[in-house]
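Comments concern the structure below.
These numbers were taken from a predicted model, which means no experiment stands behind them. All ligand and atom numbering here is 1-based and tracks the order in the structure.
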Amino acid sequence: MKYNALKGIHDIFPPDIYRWQHIEKVATDVFSLFGFQEIRAPIIESTDVFIRSIGETTDIVEKEMYTFNDKAGRRITLRPEGTAPVVRCYVENHLYNLPSPQKFFYSGPMFRYERPQSGRFRQFFQIGAEAFGVAEPKIDAEILSMLKLLFERLGLQELRFQINSIGCEQCRPGYRKALVSFFSDKIEGLCPDCNRRYEQNPLRILDCKVDSCKTVRQGAPRVTDFLCSDCQDHFNALLSFLALLDIPHVINPDMVRGLDYYTRTTFEVTCEHLGAQNAVAAGGRYDRLVQEFGGPPTPAIGFAIGMERLASLLKVSGGQDIPAPGVFIAVLGEAAGEQGLSLVNGLRSKGIWAEIGYTGNSLKSQMRRADRLSAEYVLIIGDEEIASGRCKWKRLADSSQGEISFSEVHNFFQ
Ligand code: HAM
C-alpha cells in the first residue's frame with residue numbers, strides 16, 4: 001500500500017525547513033522589538049467561534065471549513081485562521097483585565113478547503129500578530145512598520161503595502177445601501193451565492209471569486225467614499241504616520257477583505273512574483289470582535305503572513321544558509337569506530353555539531369557524506385591512527401590539513 005499526503009497538503013523537510021526556521025527566528029526577534037509575546041491557541045475550536053467572527057456569508061465559512069462532529073456530537077472546526085481563536089482566548093481568560101495594550105503573536109497550521117493551486121493550499125501555515133486595546137491609528141502604523149522591518153530583515157524587496165479603510169458600523173449602513181442600489185438591476189448576473197449575499201451581506205459580493213461576479217461588480221461604489229468623519233480622521237492620521245515612518249504604500253479602495261470582522265484599517269502586502277495568489281500578508285482592525293465574543297469593548301488590530309508564500313519569496317531572493325557539521329569523523333575498523341564515537345560525543349557535549357561515519361561504509365562513501373553535509377573539518381581514523389593515538393584533520397573548504405592527538409581534539413575545535 002502506498003500512501004500520499006492529502007491533496008493541497010504538503011510535507012516540509014530539509015533543506016526547505018531551514019528557510020522556515022530562519023523566518024520564524026527573524027519574526028520572533030522583530031515581534032519582540034515591538035513587545036509582542038507568543039500565544040499558542042488550539043488548532044480546533046467550536047465551529048461557532050469561526051462562524052461568529054469570520055461571518056456566515058463569507059467564502060471561508062460557507063465553503064472552506066473543515067468541520068466535523070466529535071464523538072459527543074459537538075461541531076468542531078480545524079481553524080481556518082488564527083484571529084478568532086486568539087480573541088476567544090483573550091476573552092475566555094479575561095486578558096482584557098491586564099494593562100493595555102496586550103500584544104500577541106502566533107504561528108501554526110491553518111486549514112481551508114480551497115481549490116489547491118500555486119500558493120494556495122488546504123493546510124498552510126501562518127505567522128500572525130494581534131494587538132488589543134488601542135484605538136489610535138498610531139498602532140496601525142506600528143503594525144505596518146513591524147511588517148516592513150520583518151521583510152527588510154529577511155532581505156525581501158518589491159513588496160507592495162496596500163492600505164484601505166472599510167469604515168465602521170456608523171458608515172457601513174450608508175455604504176450597504178449604495179451597494180444594494182448598485183446591484184439591484186444586476187442580480188441576474190450574480191452567482192447563486194451572491195444572490196443570497198445581496199440580501200444578507202452585499203459587501204461580500206465584492207470579494208466573490210466567481211468570474212461573472214467580478215465583471216458585474218465593476219464600477220461598484222467604493223467604501224472610502226462613504227467613511228464617517230471619525231473613520232476618515234483615523235485613516236488620514238494613519239496615512240500621515242505612514243509618511244512619518246517612511247512606509248511606502250498605495251491606497252487601494254477596492255480591497256475588501258474576505259472576513260467580516262474588519263472595521264476601519266485593512267491592508268495587504270503583495271508581491272508580483274507570487275503570481276495569482278499574490279498576498280504574502282494581510283490584516284486589519286477588528287474593533288468589535290472582542291465585544292462580539294462577550295468581552296468589554298476593545299479595539300484590536302492584527303495580521304497574518306502566509307508562510308509558504310513568504311518562504312517561496314525567500315527562495316527567489318537568494319535563500320538561506322543551510323547548517324553544516326563542524327566536524328565529520330570517518331572511521332575504518334571497529335576500534336576506530338569506538339574512538340570516533342567517544343570523540344563525537346565529547347564534541348557534541350561542547351556544543352559542536354559532530355557526525356561520525358559508520359564502519360559498514362567505505363572511506364569513499366563516508367567522505368561523500370561529509371562532503372554532502374558540507375562538514376567544515378574531517379578527521380580520518382583507521383588502525384594506524386589507533387596505534388599512534390593521533391589522526392589527520394582536513395578542512396574541506398581550503399584543503400588545509402594537519403595532525404592532532406585524540407586528546408587534543410576537544411580543544412582544537414571550538
Ligand atoms: P487572510 O487574508 O485570510 O487573513 O490570510 C492571511 C494570509 O494567509 C494571506 O495573505 C496568505 O498569505 C495566507 N493564506 C491564506 N489562505 C491561504 C491558503 N489557502 N494557502 C496558502 N496561504 C494562504 C487572515 O487569516 C486573518 N486572520 C489575518 C488577520 C489577523 N487579520 C487580523 N489579524
Side-chain angles (χ1 to χ4, degrees), residues 6-10 12 20 23 27 31 36 39 41 45 49-50 53-55 58-61 63-66 78-90 103-132 139-140 143-144 146-147 150-151 156 159-164 166 204 207 209 255-271 273-290 299-314:
L6 299 173
K7 194 171 167 200
I9 296 185
H10 296 282
I12 307 132
W20 282 55
I23 293 170
F31 294 171
F36 283 73
I39 188 167
E45 296 275 354
V49 166
F50 300 111
S53 54
I54 297 170
T58 56
D59 273 0
I60 296 179
V61 169
K63 302 180 190 156
E64 298 171 2
M65 295 208 302
Y66 279 89
L78 292 182
R79 61 182 184 195
E81 58 103 51
T83 308
V86 171
V87 172
R88 198 263 315 129
C89 165
Y90 179 81
K103 302 188 266 189
F104 303 107
F105 73 89
Y106 52 88
S107 61
M110 310 291 159
F111 304 85
R112 295 184 194 174
Y113 193 81
E114 295 197 77
R115 197 167 44 79
Q117 62 179 80
S118 169
R120 191 161 75 189
F121 311 102
R122 290 185 172 164
Q123 176 182 292
F124 57 97
F125 285 69
Q126 284 185 344
I127 298 186
E130 316 289 349
F132 295 92
I139 202 162
D140 306 28
I143 287 265
L144 288 158
M146 184 162 92
L147 270 173
L150 171 60
F151 293 135
L156 295 177
L159 296 177
R160 236 164 98 99
F161 282 67
Q162 303 193 35
I163 318 283
N164 196 17
I166 60 163
R204 290 274 65 91
D207 183 50
K209 292 164 191 142
M255 185 185 62
V256 286
R257 306 270 300 115
L259 304 100
D260 274 355
Y261 49 63
Y262 290 115
T263 50
R264 296 192 167 167
T265 309
T266 54
F267 55 86
E268 284 188 3
V269 185
T270 56
C271 179
H273 297 307
L274 286 170
Q277 304 301 317
N278 67 355
V280 65
R285 261 196 182 271
Y286 48 95
D287 289 343
R288 294 183 54 79
L289 195 53
V290 171
I301 180 166
F303 65 80
I305 299 167
M307 267 298 272
E308 289 78 1
R309 296 184 194 176
L310 182 54
S312 75
L313 287 178
L314 236 64

Just to check, does Gly119 reach to within less than 4.0 Å of ligand 1 when the distance is taken from its heavy atoms?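 Checking ligand 1 against Gly119, which is what was asked, there is a heavy-atom contact under 4.0 Å.
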
At a 4.0 Å cut-off, with the gap strictly under it, does some heavy atom of Ala281 reach an atom of ligand 1?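 True for this residue.
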
Exercise: do [X] and [Y] side chains pair donor with acceptor under 3.5 Å:
{"X": "Thr270", "Y": "Gln162", "result": "yes"}
{"X": "Thr58", "Y": "Asp260", "result": "no"}
{"X": "Glu130", "Y": "Tyr286", "result": "yes"}

Atom OG1 of Thr83 and atom CD of Gln126: how far apart are they, to the nearest 0.5 Å?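 Nearest 0.5 Å value for the OG1-CD distance: 7.5 Å.
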
Side chain, backbone, both or neither: which applies to [X] and ligand 1 if a contact is any heavy-atom pair less than 4.0 Å apart?
{"X": "Ile301", "value": "neither"}
{"X": "Arg120", "value": "both"}
{"X": "Gln126", "value": "side chain"}
{"X": "Phe267", "value": "neither"}
{"X": "Met110", "value": "neither"}

Considering only protein heavy atoms, which is closest to atom 9 (C) of ligand 1, and at what distance to one decimal place?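 Atom 9 (C) of ligand 1 sits closest to the protein heavy atom Ala279 O, 4.0 Å.
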
Could you check, using the six-membered ring where one of them is a Trp, whether Phe105 and Phe36 have ring centers closer than 6.0 angstrom?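 No, the ring centres sit 6.0 Å or more apart.
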
Short list, please: which atoms of ligand 1 are under 4.0 Å from a heavy atom of [X]?
{"X": "Glu114", "answer": "16 (N), 18 (C), 19 (N)"}
{"X": "Phe121", "answer": "18 (C), 19 (N), 20 (N), 21 (C)"}
{"X": "Val280", "answer": "12 (O)"}
{"X": "Glu130", "answer": "30 (C), 32 (C), 33 (N)"}

Let's go through Glu45 and Arg88 carefully: what are the C-alpha distance in whole Å and the side-chain angles of both, what is the deciding distance for salt bridge (Lys or Arg N to Asp or Glu O under 4.0 Å) to 0.1 Å, and is it a yes or a no? CA-CA 9 Å; Glu45 296 275 354; Arg88 198 263 315 129; 2.8 Å; yes

Please say whether Thr83 places an N or O atom under 3.5 Å from an N or O atom belonging to ligand 1.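 For ligand 1, there is an N or O atom that lies under 3.5 Å from one belonging to Thr83.
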
N or O contact, Gly283 vs ligand 1, cut-off under 3.5 Å: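 N/O-N/O distance under 3.5 Å: no.
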
Qualifying residue for salt bridge (charged side-chain N to carboxylate O under 4.0 Å, His left out) with Asp59, from Arg112, Arg115, Lys209, Arg204: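 Among Arg112, Arg115, Lys209, Arg204, the one that satisfies the salt bridge (charged side-chain N to carboxylate O under 4.0 Å, His left out) with Asp59 is Lys209.
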
Hey, which of Ile301, Ile166, Val256, Leu259 is the one that makes side-chain contact (heavy atoms from CB on, under 4.5 Å) with Thr266?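 Considering Ile301, Ile166, Val256, Leu259, a side-chain contact (heavy atoms from CB on, under 4.5 Å) with Thr266 is found only for Ile166.
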
Proximal candidate to atom 18 (C) of ligand 1 [heavy atom criterion; set Tyr262, Phe124, Phe303]: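 Nearest heavy atom to atom 18 (C) of ligand 1 lies in Phe124.
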
Nearest non-hydrogen atom to atom 3 (O) of ligand 1 belongs to which of Arg257, Arg112, Glu81, Arg115?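 The option holding the nearest heavy atom is Arg112.
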
Using a cut-off of 6.0 Å, state whether more than 12 heavy atoms not belonging to Tyr66 lie near its atom OH.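 Counting other residues, nucleotides and ligands, OH of Tyr66 exceeds 12 neighbours.
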
